[in-house]
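Structure, as structure tokens:
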Amino acid sequence: MASPDKRQISRNRHFLQALRHAEDGIAHVASRERNFRFHLFAAVVVIIAGLLLHLSLSSWCWIVAVVFAVLIAEMANTAVEELVDLLVGHHYSTGAKHIKDIAAGIVLLTSWLAVVVGLLVFVPALWKILRR
């Protein structure tokens, strides 16, 4: 049931409605978060490099997994930041800072994982090409 101002206040009635809300969430993060856009750009670069190097299926599985892990971590970080901002408003809170720092740390650790996997996948592939 919609409220008088046409905003949804009840559960989704259809899967497609839920899907649209999820897409809205991704678009919201992509339009407002510079780091998310950077990670999307990095993902495109990695995918192009993988195509040029003809990665194996198992390598693609690892690359796709870490690309999505970083994007998911960035979206979770944004959700945490927005929730904390909603709760504390324009007031400084040491607890809120710690929560935001922890969420950002999750993104950083996930990014480090992506770098390690990228090195494990791309260095041997590049080495194989250079040895020819």
To the nearest 0.5 Å, how far apart are [atom1] in [X] and [atom2] in [Y]?
| X | Y | atom1 | atom2 | answer |
| --- | --- | --- | --- | --- |
| Leu16 | Glu23 | CG | CD | 9.0 Å |
| Arg37 | Ser31 | CZ | OG | 7.5 Å |
| Ser56 | Trp62 | OG | CH2 | 12.0 Å |
| Leu71 | Met75 | CG | CE | 9.0 Å |

With a 4.5 Å cut-off on side-chain heavy-atom distances among I, L, V, M, F, W and Y, is there a chain of contacts connecting [X] to [Y]?
| X | Y | value |
| --- | --- | --- |
| Leu40 | Leu51 | yes |
| Leu53 | Val67 | yes |
| Val46 | Trp60 | yes |
| Leu126 | Ile47 | yes |

(request) Name all pairs fulfilling the side chain to side chain donor-acceptor pair (under 3.5 Å) condition that reach into residues 65-74, sequence neighbours left out, sorted by first residue then second. (result) His39-Glu74

(message) Connecting only ILVMFWY residues whose side-chain heavy atoms lie within less than 4.5 Å of each other, what is the rest of Phe41's hydrophobic cluster?
(response)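 Its cluster partners, ordered by chain and number, are Val45.
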
(message) Starting from Leu52 and following side-chain heavy-atom contacts under 4.5 Å between hydrophobic residues (I, L, V, M, F, W, Y), which residues can be reached?
(response) Val44, Ile48

For a quick test of your reading: what N or O donor-acceptor pairs under 3.5 Å do the side chains of residues 101-124 make, sequence neighbours left out?
unit_1 : atom_1 : unit_2 : atom_2 : d
Asp101 : OD2    : Lys97  : NZ     : 2.4
Thr110 : OG1    : Ile106 : O      : 2.7
Ser111 : OG     : Val107 : O      : 2.9

(request) List in chain and number order the residues that pass side chain to side chain donor-acceptor pair (under 3.5 Å) with Arg32, two or more places apart in sequence or in another chain; answer none if no residue qualifies. (result)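 By the side chain to side chain donor-acceptor pair (under 3.5 Å) rule, Arg32 matches His28.
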
(message) Looking at Tyr92, I want to see if its OH is surrounded by more than 12 non-hydrogen atoms of other residues, nucleotides or ligands under 6.0 Å.
(response)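 Yes - once you tally the heavy atoms of other residues, nucleotides and ligands closer than 6.0 Å, there are more than 12.
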
(request) Any pair with a residue in residues 77-95 that passes salt bridge (Lys or Arg N to Asp or Glu O under 4.0 Å), sequence neighbours left out, goes on the list, sorted by first then second residue, please. (result)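 Applying salt bridge (Lys or Arg N to Asp or Glu O under 4.0 Å) to every pair that reaches into residues 77-95, excluding sequence neighbours, yields Asp85-Lys100.
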
